[in-house]
Amino acid sequence: MDASAIEKKWSSQWAETKAFQPDPDPKRKKRYITAAFPYPNSPQHIGHGRTYTTADIYARYLRLNGYNVLFPMAFHVTGTPILAMAKRIAAKDPDVLSVFEKIYGIPPKKAESLTDPRELVAYFSAEIEQGMKEMGYSLDWRRKFYSYDEKFNKFIQWQFRKLKELDYIVKGEYPIAWCPADKNAVSAHDTRGDIDPELEDVTVIKFKVSMSGHSSADSLIVTTYRPETIYGVTNIWINPKVAYVRVKLKGESLIIAENAAKALDLQLGLEITGPVKAEDILKMKAVNPVTGESVPIYPASFVSPDIGTGIVMSVPAHAPYDYLALRDMGKGNIPMPQVVSLKGYGPTPAKDECEKLGVKNQEDPLAEKATEEIYTKEAHDGVMVLGKYKGEKAIDAKEKISTDMKKTGSAFNIVTIANAPIQCRCGAGVIVNILKDQWFIDYGHTEWKAKAKKCLESMVTIPEKSRSEYLYTIDWLKTRPCTRAAGLGTRFPFDETKMIEALSDSTIYMAYYTISHLLADIPASEMDEAFFDAVFLGKGPKAKDKTVQPLRESFLYWYPVDSRHSAGDLIRNHLTLYIFNHVAIMEQRHWPKQIVTNGFVLMDGTKMSKSMGNILPLRKAIKEYGADVIRFSVVCGADLSSDTDFNKSVAEGVRSRLGLISHLVEESAKLPSTRPHGRIEKWLLSRLNRKIESAEKKYEALQIRELALEIFYDVTADLQWYMKRAHEPNLHAFFQKWVVMIAPFMPHYSEEFWSMLGGKGLVSLAKFPEADHSKIDDNIEKGEELIQKVHADIEKISGLIGKKPAKVTIYVADEWKRKLYAIAKANPTFEGLMKAANAEKMPMKDVQTIAKQIMKNVHALPSVLPQKDELDALKDAEKFLATEYSCEVVVLPESQSKHEKSRSALPGKPAIVIE
RNA sequence: GCAGGGGUGGCAGAGCCCGGUCAAAUGCGCAGGACUUAAGAUCCUGUGACUUAGUGUCUUCGAAGGUUCAAAUCCUUCCCCCUGCACCA
């Protein structure tokens with residue numbers, strides 16, 4: 001069977017019959033499933049397929065259970081990445097273009113033409129949509145929209161008005177990584193090398209300076225992460241190669257590196273009054289604001305004008321760079337006051353560490369390592385031995401000293417980029433800006449948090465263990481910026497120059513799906529606050545409007561979302577915001593019911609990444625293996641919550657099994673659908689019903705991996721056994737049920753099988769089989785297990801004796817041995833057992849041997865079949881075993897033999913004699 | 001640092017909540033065999049060690065202790081790994 005032909009055939013069938021375009025139907029129960037909508041700035045890869053496949057399996061399962069299921073999809077285009085991507089393409093960025101060509105196979109001409117954000121969105125969204133259709137996702141595409149659609153914008157603005165009414169929208173200051181050239185906020189994908197700028201508070205300490213003994217109006221300002229080491233300052237470092245300037249800050253005159261002054265201007269408002277020569281600074285003395293001590297200024301090459309203020313205070317006992325720079329200038333032996341004591345080190349930990357690592361000089365990369373080592377250790381275990389906070393932990397003293405200095409005006413805080421220097425793509429150095437009129441959503445509100453927690457309590461989280469993460473995030477969230485200066489999406493209603501940020505416009509959009517396909521005749525201008533109030537809240541002046549009614553009905557029918565699907569990394573933001581915004585805006589009956597999160601897909605054991613080039617595009621994968629194989633492969637490998645590995649051999653394994661099943665279905669389709677007659681047929685039926693029963697529970701709880709094992713891998717094993725054992729194999733009736741069970745995983749093949757087997761209509765809309773308990777037969781299954789065991793044993797023994805058996809005799813243990821087991825269970829002591837056996841007049845010699853064995857495991861004796869059942873099972877398999885070994889096989893009760901070996905037969909373990 | 005999740009056989013990965021049927025599912029890999037002119041596919045067998053006309057013994061589930069008749073599973077301590085810590089979708 002040709003996978004691609006089957007896929008095409010059935011996906012067009014689904015489209016033609018509008019199989020997955022549900023409308024409200026008051027007579028039927030509904031289920032509403034959503035998965036995170038994709039961001040079309042690249043094609044999707046196989047990893048994206050996992051979430052959607054999981055959601056689709058669930059949606060398809062629910063459909064088989066008679067639910068009216070809505071599973072919609074749209075595209076998220078909000079924010080800057082799409083703009084950034086278009087810009088990079090316009091600039092013919094070789095990295096981007098090569099990824100598109102080499103990984104995704106996009107013709108270079110096409111790729112290079114995607115310089116307009118809208119064209120880019122159109123191209124990639126079409127690509128993604130096509131991929132989703134090929135995967136067979138049962139999506140209702142009528143409801144598709146883009147997050148920059150005018151009507152959607154209206155909806156999002158409504159959402160923000162609601163939040164504002166609740167006082168959840170606030171305005172304030174906010175530090176942000178900033179490109180001074182672009183005059184724009186900078187995030188990881190705007191920087192060279194995709195580095196995420198990390199902002200960090202740093203203390204700036206003022207050292208008053210004196211020149212030739214005369215005090216001066218100037219102060220040198222130094223930046224430090226470790227203000228507590230102020231007690232150990234021996235000197236100040238500047239870099240003679242750097243340009244320094246004098247600046248005015250609130251009337252004070254400060255000396256600072258020119259670059260630093262420019263970078264800090266945005267947050268401090270500095271006025272540069274003129275240059276200062278480095279050689280002049282070196283002549284100055286600086287006064288320690290805490291100790292009052294006067295220290296010299298020395299030159300050092302490690303000081304960078306792009307980090308902090310471009311001036312550094314020297315604490316050689318605790319800072320490896322400071323020690324090294326002193327040593328480099330021949331002052332390695334000057335007194336170095338110890339501020340912090342550290343176990344395992346002498347009074348100068350920095351020196352010790354440098355010597356231990358053998359750091360050559362301040363330019364040596366090892367200096368960085370020494371610094372990290374000392375800083376981390378001192379932060380953890382350091383205890384102050386000097387100054388006001390002597391005896392306290394260094395980490396506590398740090399805060400106190402910093403606060404003290406700020407109080408006296410000798411220090412202040414700035415925000416810097418911890419991992420500086422970082423370059424914007426435009427080439428400018430990234431700096432920190434303080435946004436004065438930044439808008440926030442205030443997730444810190446206590447009542448709001450309480451409501452969110454209440455929602456979480458009533459919600460199902462799959463996996464259950466993710467619940468604690470939601471709880472943590474709910475507690476942790478506080479004010480969160482919700483606008484940006486640039487990006488696609490929706491304008492912020494209270495300041496139209498700003499755009500709503502991307503995570504903030506994707507929190508309640510699931511509500512929009514319920515009406516998005518009904519808006520064609522309603523102009524955007526009519527979609528005001530009253531309109532959405534009426535649709536989603538059923539109140540306000542438009543609540544009775546005729547145009548609103550069908551929308552309201554649709555919303556009321558579908559909402560709430562019964563299951564939200566996403567990757568697990570989104571719990572920390574999107575999914576928790578989803579909860580927050582729902583509880584803020586929606587009525588309680590419309591709060592989220594369930595969130596399902598999954599792990600990533602790894603490629604041959606490693607994370608997929610553009611730089612590694614190990615991305616497998618979804619459509620390429622489909623072409624290579626077929627949609628059903630890919631669907632199965634991305635979900636079956638691991639538990640839902642953990643990362644799963646995709647590799648060739650998994651996919652090929654699935655494909656070959658599917659091939660085996662296809663073959664059996666083809667054969668079965670030719671046979672009539674008959675009732676089971678033989679023992680092995682009963683066995684298969686029992687196994688099937690057992691699986692149906694547990695499959696239902698597992699589908700409900702989305703135990704995808706276990707399901708996959710049970711209804712696919714186990715089933716193929718069962719089928720192989722059946723085919724060996726059956727006299728006239730006929731799997732027609734079996735497959736009629738099984739196909740429905742597997743259909744959520746492998747919808748295309750299932751449709752094909754279903755039609756081959758004479759099923760009516762689409763299997764996608766069929767009914768999930770009901771388990772027939774009366775057909776589950778433990779004894780039959782145990783009997784079959786016995787046969788498998790005996791089969792394996794014969795194999796083993798004949799291997800040991802190294803010859804083909806000429807005759808096999810199987811002796812089934814006598815009934816009294818089973819009784820002995822029962823006695824042992826009731827009376828698990830050796831003496832008790834022997835006494836009871838004696839009373840029963842059992843052959844005590846044999847009893848003793850068996851009893852010894854039994855007693856080892858007396859608390860966990862296997863339950864055994866009656867002798868009759870064992871005999872029945874094995875006799876039924878006589879023919880089969882005879883064919884297997886092409887020799888005579890005889891099954892006898894133990895008592896009918898004089899053979900010595902026959903006495904070693906045990907319940908569940910017949911004796912085997914091979915001649 | 002704080003928070004969360006983990007450490008199981010060559011690999012991936014179940015089992016752990018609810019201790020015994022666990023030398024530990026399943027898949028992959030590997031080895032041998034069948035089929036084939038051959039390869040591939042498929043099927044069978046094996047895959048901790050030792051042993052054997054058999055269902056036996058020993059040592060294993062990050063490390064060390066403990067509870068128990070019995071521990072991969074429960075308790076304690078320790079070691080190691082991964083993820084997140086914010087404006088980034």
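Labels below follow one simple rule: chain letters A, B, ... track the order of the sequence lines, proteins then strands, and each chain is numbered from 1. The model shown is predicted, which means the values in this text are computed figures rather than measured ones.
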Mind checking the [atom1] distance from [N] to [M]? Whole angstroms is fine.
{"N": "B:C79", "M": "B:U52", "atom1": "C1'", "answer": "42 Å"}
{"N": "B:G6", "M": "B:C16", "atom1": "P", "answer": "13 Å"}
{"N": "B:C30", "M": "B:G20", "atom1": "P", "answer": "35 Å"}
{"N": "B:C58", "M": "B:G62", "atom1": "C1'", "answer": "22 Å"}
{"N": "B:G13", "M": "B:G7", "atom1": "P", "answer": "10 Å"}
{"N": "B:U83", "M": "B:A34", "atom1": "P", "answer": "49 Å"}

Review point. Heavy-atom distance under 4.5 Å between the side chains of A:Leu577 and A:Thr507, does that happen here?
Key: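 They are in side-chain contact.
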Review point. Would you say the base of B:A12 and the side-chain of A:Arg705 have a donor-acceptor pair closer than 3.5 Å?
Key: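 Under the 3.5 Å cut-off, the side chain and the base do not form any donor-acceptor pair.
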Practice item. Examine the side chains of A:Asp505 and A:Thr490 and answer whether a donor and an acceptor come within less than 3.5 Å of each other. Key: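 Checked: A:Asp505/A:Thr490 side chains show no N/O donor-acceptor pair below 3.5 Å.
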Exercise for review: May I ask which nucleotide in the shown strands pairs with B:A86, Watson-Crick or G-U wobble, both distances under 3.5 Å?
Suggested key: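 Answer to the pairing question: none, since B:A86 forms no Watson-Crick or G-U pair.
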Review point. In Watson-Crick or G-U wobble terms, both distances under 3.5 Å, what is the partner of B:A63?
Key: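 Its partner is B:U77 (Watson-Crick or G-U wobble, both distances under 3.5 Å).
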Review point. Centre of A:Tyr578's six-membered ring, under 6.0 Å away, within 45 degrees of the axis: is that where NZ or CZ of A:Arg564 sits?
Key: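 Yes, cation above the ring, under 6.0 Å and within 45°.
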Review point. Just checking, A:Arg657 and A:Tyr713: is the charged tip under 6.0 Å from the six-membered ring centre and within 45° of the axis?
Key: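 No; the conditions do not both hold, so A:Arg657 does not lie above the ring face of A:Tyr713.
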Could you tell me whether [X] contacts a base, only the sugar-phosphate backbone, or nothing, with contacts defined as non-hydrogen atoms closer than 4.0 Å?
{"X": "A:Thr78", "result": "sugar-phosphate"}
{"X": "A:Arg657", "result": "sugar-phosphate"}
{"X": "A:Ser466", "result": "nothing"}
{"X": "A:Asp569", "result": "nothing"}
{"X": "A:His574", "result": "nothing"}

Check your understanding: Is the backbone of A:Phe440 close enough, under 3.5 Å, to the side chain of A:Tyr168 for a donor and an acceptor to pair up by distance?
Key ->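 Such a contact is absent between A:Tyr168 side chain and A:Phe440 backbone.
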